[in-house]
J.: 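I'd like to ask you about the structure that follows.
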Number of protein chains: 2
Amino acid sequence: MTTIKDIAKAAGVSVTTVSRALNGYSDVSEKTRLKIMNLAKELNYSPNTLARGLVMNKSKTIGLLVSGLNRESAKDQITFSVLSGINECASELDYDLVLFNTNSTKQREKTYTQLCRERRVDGAIIQGIKTDDPYLQEVVNSDIPCVLIDYPIQSENVGHVTTDNKLGAKKAVNHLIELGHRNIAMVNGHSKAFVSNMRFEGYREALQEAGISYKKEWIVNGRFEEEAGKLQAIKLLEKYPEITAIFSASDLMALGILEGAKELGRKVPEDLSVVGYDDILLAGYSNPPLTTISQNIFQLGYQAANLLIKMLEGTLEPHVITLGTKLVVRESTAKNHK
Amino acid sequence: MTTIKDIAKAAGVSVTTVSRALNGYSDVSEKTRLKIMNLAKELNYSPNTLARGLVMNKSKTIGLLVSGLNRESAKDQITFSVLSGINECASELDYDLVLFNTNSTKQREKTYTQLCRERRVDGAIIQGIKTDDPYLQEVVNSDIPCVLIDYPIQSENVGHVTTDNKLGAKKAVNHLIELGHRNIAMVNGHSKAFVSNMRFEGYREALQEAGISYKKEWIVNGRFEEEAGKLQAIKLLEKYPEITAIFSASDLMALGILEGAKELGRKVPEDLSVVGYDDILLAGYSNPPLTTISQNIFQLGYQAANLLIKMLEGTLEPHVITLGTKLVVRESTAKNHK
DNA sequence: ATGAAAGCGCTAACAG
DNA sequence: CTGTTAGCGCTTTCAT
């Protein structure tokens, strides 16, 4: 393995000069620079980023703490899309990504901060974290710059990117209201998810603004899981047959609701309107295709990476970025005829 | 940031002793070990893996060169599943993963080997590479241990994991033959993909064993893309209406074929049987649901990581792992009535 | 059982 | 424009 020392010897100069030449400093004569460059190529030199990182105290690497990189979460491509977005931006700005082992089956024995510090990542992006994660507070207190996805913390060195979940939910519910629905239930995710809370807010507000009083019993939690969504929907519809529309906090659960409705013999959208959230790939393929709130997950990742790197390079202050959403009307919603 | 030096000072011992204590060497008195351990915790010490990597010349990190981590490839979750599998195994064996920027839009100016060497990864996993990739040869010649997914190179330090593509294809085609089809076309991916070649072999062999002569004109390439699959299928069916079944080298293309058939007014499976390959998520949701060859992509990633790490730790020789496939019969295939 | 010293490959004052 | 020197944090002989 060639080092700058080897190059220095071969070129008859000092390692300092080699280092400077290779890093494009101006104070090297054109002649020696050329010689060094050629030698580097000839000797097949690659810089040792560990050594460089050690002395410079930064690694041009950002750490990824994603909780959804596992067998189960392949169904919505959310984690994947976030990852793609991050990867794309990091690529462009010439950062590498390291994936941390956080979702290991074995006990998580290291904290986020430890993970980041050990690897000397310059910053971190955290996604899919629950609001009661014991290590979350740590992140804020630590001095490692980081950006959170869909989790609202800001501080001197933590930024935050999300979508306008409240407004998104409102769009969904308003759509139902405009179709003449008044008895609108909600299948939410779980209370530990920030997005759930916001989507609930949007639901509540939309109803309120339309002068519809909302019923606590009509709001259930489906843990963002398809099966749970189905079960909850069945329970809900059996107990309160007057419900004519359901707003689901995720498409995956909405898919479950569709199944549940089918089992109960309620036709969607004739007997029941369903609107989901996320616009995952399957939403367009379900039967019927799902009306949903579309968010650009790829952008979410991209913007997170961009913000973090800009923070690292001092060109941007940590702040919050909120992306928009869009109502996509497909065939799971229809006019209320009751 | 605490270093072993700080601990040494606080404990009144040398850095050597601290290093030994922290790494569980036996030649440290129980008393000092305890003192050091406590101090480490107290001072919130994290080892600097860069420094350690520098001296030990290994980093407990494996490099990932995946070509499909981008916006476009969210539709089949193949890349994601591979990634999940790798991540799971790496987690278990306590390795971290670094994602390299290979699919950047800007010119790829670094070779695989350079990427790996710069980052000092212990080994690499390569997925989604084309057979004509200019940098592929490099990998084999370099001394970096690596394992390739779905690409058949083996050498002193490169292993290889794949599924039995030939047999898988045979299963698909045999299924069609058993249903009474004789005029079976194939929509393949592209000639630069190893799996395409193998799946074609399986197709050919199955026909041959059934005493059916195969027609070159009935084999087309859809580049593994949905739209191209559709177009190719339309062209094929218009020109050769006698075709009663199509074997597609991927589900995504099969989805396209389904659309194409619909446009031509050919009902699937009554007028045309279609079998796909991969068993992606959408396969179960298409209309009609797709009969396909299922492969365990997660396992593919898992096994790749396992093999690589075992190679790195000297417990396994580089070799090839071939995983099985399974025919999943859904509703896109039926008896031939022509 | 412990320490002194060297060195991994690189960058960064500082001096000339 | 170039070299000398020091040092990033850690592990590892080699002594003691």
Side-chain angles (χ1 to χ4, degrees), chain A residues 1-37 39-40 43-61 96 113-122 144, chain B residues 1-37 39-40 43-61 96 113-122 144:
Chain A
M1 193 109 316
T2 318
T3 71
I4 52 171
K5 214 157 145 189
D6 300 322
I7 299 183
K9 206 176 298 174
V13 298
S14 74
V15 291
T16 316
T17 306
V18 176
S19 172
R20 278 192 288 235
L22 256 22
N23 289 303
Y25 281 59
S26 57
D27 53 355
V28 181
S29 80
E30 207 42 52
K31 207 178 108 211
T32 46
R33 145 167 291 122
L34 213 68
K35 197 201 288 181
I36 288 171
M37 287 308 207
L39 242 21
L43 299 176
N44 199 12
Y45 169 78
S46 309
N48 183 330
T49 54
L50 297 186
R52 179 181 284 161
L54 185 58
V55 39
M56 309 235 293
N57 212 30
K58 60 205 193 71
S59 56
K60 276 243 180 187
T61 303
D96 281 331
T113 332
Q114 279 177 318
L115 245 21
C116 294
R117 287 212 309 225
E118 290 190 4
R119 282 284 168 186
R120 286 302 187 273
V121 298
D122 297 338
I144 296 162
Chain B
M1 192 108 318
T2 317
T3 71
I4 52 170
K5 213 157 144 188
D6 300 322
I7 300 183
K9 207 175 298 174
V13 298
S14 73
V15 290
T16 316
T17 306
V18 176
S19 171
R20 279 192 288 236
L22 257 22
N23 289 303
Y25 281 60
S26 57
D27 54 354
V28 180
S29 80
E30 207 41 53
K31 206 178 109 213
T32 44
R33 145 166 291 121
L34 213 69
K35 195 200 289 180
I36 289 170
M37 288 308 207
L39 242 23
L43 299 176
N44 200 12
Y45 169 77
S46 308
N48 183 331
T49 54
L50 297 187
R52 179 181 284 161
L54 185 57
V55 37
M56 307 236 292
N57 211 31
K58 60 203 193 70
S59 57
K60 276 242 180 189
T61 302
D96 281 331
T113 331
Q114 278 177 318
L115 244 20
C116 294
R117 286 211 309 224
E118 288 189 6
R119 282 284 169 187
R120 287 302 187 270
V121 298
D122 297 340
I144 296 163

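No experiment lies behind these values; they were computed from the predicted model shown. Each chain gets a letter, A, B and so on, in the order its sequence line appears, and its residues count up from 1.
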J.: B:Y45 pairs by side chain to side chain contact (heavy atoms under 4.5 Å, CB included) with which of B:L39, B:V18, B:L22, B:I36?
T.: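 It is B:L22, the one option of B:L39, B:V18, B:L22, B:I36 that forms the side chain to side chain contact (heavy atoms under 4.5 Å, CB included) with B:Y45.
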J.: What is the per-nucleotide protein-contact pattern of nucleotides 7-16 of chain C, from the 5' end, where B denotes a base atom under 4.0 Å from a protein heavy atom, S denotes such proximity for sugar-phosphate atoms only, and - denotes neither?
T.: BBBBBBB---
J.: Strictly below 4.0 Å, N to O, side chains only: are A:D96 and B:R119 in salt-bridge contact?
T.: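 Yes, A:D96 and B:R119 are salt-bridged.
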J.: Within the structure provided, determine whether A:N48 and B:E118 are in side-chain contact (heavy-atom separation under 4.5 Å).
T.: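 Of all side-chain heavy-atom pairs linking B:E118 with A:N48, none is under 4.5 Å.
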J.: Using a cut-off of strictly less than 4.0 Å, decide whether A:S14 has a side-chain nitrogen or oxygen near OP1 or OP2 of D:dG3.
T.: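 Affirmative; the distance criterion is met.
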J.: Going from CD1 on A:I4 to NZ on A:K9, what distance comes out if it is rounded to the nearest 0.5 angstrom?
T.: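 So the CD1 of A:I4 and the NZ of A:K9 are separated by 12.5 Å.
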J.: Check this one for me: any side-chain N or O of B:T32 less than 4.0 Å away from OP1 or OP2 of C:dT2?
T.: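 Result: yes.
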J.: Indicate whether OP1 or OP2 belonging to D:dT2 is found under 4.0 Å from a side-chain N or O atom of A:S29.
T.: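 True: A:S29 side-chain N/O within range (under 4.0 Å) of D:dT2 OP1/OP2.
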J.: Nearest whole angstrom, please: distance from the C1' of C:dG3 to the NZ of B:K9.
T.: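 Rounded to the whole Å, the gap is 16 Å.
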J.: Round to a whole Å and report the spacing from CG of B:L22 to P of D:dG9.
T.: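 Interatomic distance, CG of B:L22 to P of D:dG9: 15 Å.
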J.: Has B:S59 got a side-chain atom pairing as donor or acceptor with B:G53's backbone, closer than 3.5 angstrom?
T.: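 Side chain of B:S59 to backbone of B:G53: no pair is present.
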J.: Do B:M1 and A:R120 have side chains that approach each other closer than 4.5 Å (heavy atoms only, starting at C-beta)?
T.: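 Counting from C-beta outward, B:M1 and A:R120 do come under 4.5 Å.
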